[in-house]
Amino acid sequence: MNPYLKNHHFWEEAPFFRLLLALVIGIACYDFFHPELQAYIRWLGISTALVLFLFFTFLKTRNELLSTLRAVSTLAIFIIIGYGAAAIHDHRNYPNWYGTQVGSNDAMVVRVERPPQEKARTIKLWVTVTQILSGNHSQKAIGNALVYVYKTDSTPVFVMGDELLISAQWQPIVNSGNPNAFDYARFCSRNNVYHQQFLSASETIRFRHGQKSKLPFSERVHTWAMQQLSLHVKDTGTLGLLQAMLLGDEVNFKEEERQLYVDTGIIHVVAISGGHIAFLMFLITSALFWIKKKKHQWMKLAIAVPIVIFYVMVAGAPPSAVRAAMIFTLLAMGSILGREHTALNTLLAAAFFILLVAPMWLFAVGFQLSFVAVLSLILFYRKVESLYPTRVFAVRFIWKTIAASIAAELLIAPLVIYYFHLLPAMFLLANVIAVMLMGTVMSLGLAIILLSSWLPMCASLLAVWVTYIVKGFHVVIAMLRSFNPESLAYLHLTLPELILCYGCIASIAIMVMKQSKPALFVAIASLCILLLLLNMKRWRALKCQQWVVYNIPRYTYAEYHSGGQYTILSERGAPITAQQKAYAIRENHTVLRSWKQLPQKDTADCYTINHQTVLFLHAPLRTDSIPFKSIDYLIVTYPLKKFEVQQWRRVFDFKQVVITGNQKRKMLQQWKDSCGYYGIKAHFTLLDGAFVARIE
């Protein structure tokens, strides 16, 4: 490190910090303000910043003011570059985007771009629109979309590369409308997906089959490796873990096992990231042991870089793997060229170039977690590791693993709480065991793939061994999860609270490392404001009373929340998994800190909530039904064959009717229009989202 830099700001040692900050601001501006920023405003900002940049760059006079103006104009240019990169990424800005033809009578040709995913009732296809067919004419098109094909006995087996002919009757992707739910529509839009279709098998015409020979070589290798693992590993849990850990494919990774890894804080062993790349690098350099001379060590890196890049492509190029590969490539290039580098600047440079190519990865949880984890290791690992020096190899290995876990957790813990609403209590012990597992399972998994063609008996034997190891590991981490207090699984942070958390952590770190009193004052102020916000949020949650009818397809679920506790009012419909139910209700329970369930007072279908009468209707009315007293809300839960609103009005005197998700979608809009015609106040959960009644 240059000693001259020690008396300067850290961004002078890591110059990519300012460039990355400006790029992030530009991408964020596009995400939050597009399309509100009109074209002339954008071009005015671009031209002004460019003129200022050129003026201050070529101006010969040098003083502090001009240096500041030159720096500001440079940052403005990179903000514009970030905005422009996001605009280029957005398919809506292209004249041949298929979205301009949505709802027309045209047909469209789509190509399946990813392996199909099997759902409970449908097969999910991620497709790219390639052509729009109008009469006898066709035109090229671009854009991503989702196609859900209902499963029947006649549903064909789709493969990646298939080309299908479908209608242009796309539906916009909308959120479920459940309270505090994940913003799925915005998540899809950041991946250039804005529309979806639900089709039967007869409504899709496959006129061109996907051929393996036309797939990229990396995809063919991926498919072959997946098949070899499936051939030898018979246990589905072990197979899912191996395919996810080695190849980045979670098609066979069970949701309950994924949740087990999330709950214990070791999901990073599944996502291909820096640990996987480092272990692969270790295997490559070990295989090149015969290159011993120091002047020839660059050859190891020159051989390893293409292998690492190809491996990332085979694994599907997830954000965490791309980030790790980019850092490794920059470090290797610097070493080969003999250039001095710092780990922090290399990390920032990798993030800069990645976001320049894929700007919307800025909002990808995987990218954020992997970047923040490496940043935390760079900043804190040495300090933590030095707290317990030891020369015993086994103890040193365990302590280094613990130190790495502590260092990484310092910065990723707030992010984990923000996105996943939990903080694993046993993450240290789980991470030590997981690191040991990752090296063993990766080695055995790679050996199974490599030996499957030449020595299939050995591959099958290794598969038996790795199955026993993974099963034992699952037993151990399931036991560790049992030590997690339930309260740590319902944590919640808003964006301002997350920013205050990082402000507090940064201030404490500066105070400890630099012995800075101002940093201490900032840390205390940040902590006080954070505690105030958390207590205010907790007070509002305790005061909140509401009853909710959730939007869950083919299911009815309603509950009442009060004082951090909830009571189930009604639950019926087709069987659903625990994950499907949790997806709908967990966010609301987390925000309200309402995870304790109270038993129902009775089993009646009629409730009085704050002087309001709520009646759940679970079956069609008979013709001789006796008129009921006046009620406020009629909740219809049974599947409707026809809309019986007039019959309901003859029996019930209600103010509003709520139709739950246990219905077919095709007639809902027509029924809703009928309610408007008759002046009946109606809420359809499948169309309008969850029905939430807050009690003041």
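Note that the structure is a prediction, hence the values are computed from the model and not measured. Residue numbers run from 1 in the order of the sequence given.
In this structure, CE in Met160 is found 12.5 Å from CG in Leu125, a value given to the nearest 0.5 Å. The distance from atom CH2 of Trp539 to atom CG of Leu534, rounded to the nearest 0.5 Å, is 15.5 Å. To the nearest 0.5 Å, atom CZ of residue Phe420 and atom CD of residue Gln259 are 9.5 Å apart. Note: Leu493 CG to Cys501 SG = 5.0 Å, rounded to the nearest 0.5 Å. Put simply, CD1 on Ile378 and CG on Leu348 are 7.5 Å apart, with the number rounded to the nearest 0.5 Å. For the atom pair CG (Leu500) and OG (Ser507), the distance works out to 10.0 Å, reported to the nearest 0.5 Å.
The shortest side-chain heavy-atom distance between Leu428 and Thr401 does not fall under the 4.5 Å cut-off. For the pair Leu369/Val416, a side-chain contact is recorded, criterion being any heavy-atom separation below 4.5 Å from C-beta on. Counting only heavy atoms from C-beta outward, the side chains of Phe367 and Ile354 approach each other to under 4.5 Å. Residues Ile406 and Phe380 form no side-chain contact, since every pair of their non-hydrogen atoms from C-beta on lies 4.5 Å or further apart. Between Leu260 and Arg481, some side-chain heavy-atom pair lies under the 4.5 Å cut-off. Considering only heavy atoms from C-beta on, Ile266 comes within 4.5 Å of Phe473 through its side chain. Annotation: side chain of Tyr148 is not in contact with side chain of Arg121 (no heavy-atom distance under 4.5 Å). The closest side-chain heavy-atom distance from Phe187 to Val193 is not below 4.5 Å.
With a 6.0 Å cutoff to the six-membered ring centre and a 45° limit on the axis angle, Arg396 does not count as a cation-pi contact of Tyr388.
With no hydrogens or angles considered, a side-chain donor-acceptor pair links Thr236 and Lys254 at under 3.5 Å. There is a side-chain donor-acceptor pair under 3.5 Å between Glu587 and His421. Inspection of the Glu497 and Tyr418 side chains reveals no N or O donor paired with an N or O acceptor under 3.5 Å.
Here the side chain of Lys471 pairs no donor or acceptor atom with the backbone of Thr238 at under 3.5 angstrom. Of the possible donor and acceptor atoms, none in the side chain of Tyr555 sits under 3.5 Å from a partner among the backbone N and O of Glu571. Remark: side-chain polar atoms of Lys581 are not paired, donor with acceptor, to backbone N or O of Tyr557 under 3.5 angstrom. In terms of modelled atom types and a separation under 3.5 Å, the side chain of Gln368 and the main chain of Leu362 share a donor-acceptor contact. A donor-acceptor pair under 3.5 Å is absent between the side-chain atoms of Arg572 and the main chain of Thr556, judged by distance alone. Counting only distance, with no hydrogens or angles, the side chain of Asn252 and the backbone of Gln243 share no donor-acceptor pair below 3.5 Å. Proximity of a side-chain donor or acceptor of Trp595 to a complementary backbone N or O of Thr590 within less than 3.5 Å is not detected. Between the side chain of Ser376 and the backbone N or O of Val372 there is no donor-acceptor pair closer than 3.5 Å.
Aromatic ring pairs are classed by plane angle as parallel below 30°, tilted from 30° to 60° and perpendicular above 60°; the pair His561 and His589 is perpendicular.
The two residues Ala425 and Leu488 make their nearest non-hydrogen contact at CB-CD1, 4.2 Å. The two atoms that bring Ala523 and Cys504 nearest to each other are O-SG, 3.8 Å, heavy atoms only. Residue His232 comes nearest to Ile448 through the heavy atom pair CB-CG2, 4.2 Å, listed as atom of the first residue, atom of the second, then distance. Residues Glu255 and Gln579 share a closest heavy-atom pair of CG-CG, 3.1 Å. Listed here is the closest heavy atom pair of Leu377 and Ala407: CD2-CB, 4.1 Å. Taking both residues in full, the closest heavy atoms of Lys151 and Lys119 are given as NZ-O, 2.8 Å, listed atom of the first, atom of the second, then distance.
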Working note: Thr223 + Gln227, criterion side chain to side chain contact (heavy atoms under 4.5 Å, CB included); need CA distance, chi angles, decisive distance, verdict. CA-CA 6 Å; Thr223 303; Gln227 291 173 347; 3.8 Å; yes
Side chain to side chain contact (heavy atoms under 4.5 Å, CB included) between Cys544 and Leu592, worked out: CA-CA 8 Å; Cys544 176; Leu592 298 178; 3.9 Å; yes
Stepwise side chain to side chain contact (heavy atoms under 4.5 Å, CB included) check, Trp126 with Val112: CA-CA 6 Å; Trp126 175 292; Val112 181; over 6 Å; no
If you apply the rule side chain to side chain contact (heavy atoms under 4.5 Å, CB included), what do you find for Phe371 with Leu355, and how did you get there? CA-CA 12 Å; Phe371 176 81; Leu355 294 179; over 6 Å; no
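With sequence neighbours left out, the side-chain contact (heavy atoms from CB on, under 4.5 Å) criterion links His222 to Glu219, Met226, Leu247, Asp249, Val314. Legend: residues meeting salt bridge (charged side-chain N to carboxylate O under 4.0 Å, His left out) with Lys596, ordered by chain and number and at least two apart, are absent.
With ring centers used as reference points, Tyr261 lies under 6.0 Å from Phe253.
Annotation: Arg538, atom CZ; neighbour count of heavy atoms from other residues, nucleotides and ligands within 6.0 Å is above 12. For Tyr419, the OH atom is densely surrounded, since the number of other residues' heavy atoms within 6.0 Å is greater than 12. The local environment of NZ in Lys383 is sparse, with at most 12 non-hydrogen atoms from other residues, nucleotides or ligands closer than 6.0 Å.
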Enumerate donor-acceptor pairs with a distance under 3.5 Å from any side-chain N or O in residues 176-184 to protein atoms, sequence neighbours excluded.
{"unit_1": "Ser176", "atom_1": "OG", "unit_2": "Asn178", "atom_2": "N", "d": "3.3"}
{"unit_1": "Ser176", "atom_1": "OG", "unit_2": "Asn178", "atom_2": "ND2", "d": "3.3"}
{"unit_1": "Asn178", "atom_1": "OD1", "unit_2": "Asn551", "atom_2": "N", "d": "2.8"}
{"unit_1": "Asn178", "atom_1": "ND2", "unit_2": "Asn551", "atom_2": "O", "d": "3.2"}
{"unit_1": "Asn180", "atom_1": "ND2", "unit_2": "Asn588", "atom_2": "OD1", "d": "3.0"}
{"unit_1": "Asp183", "atom_1": "OD1", "unit_2": "Asn175", "atom_2": "ND2", "d": "2.9"}
{"unit_1": "Asp183", "atom_1": "OD1", "unit_2": "Arg186", "atom_2": "N", "d": "3.2"}

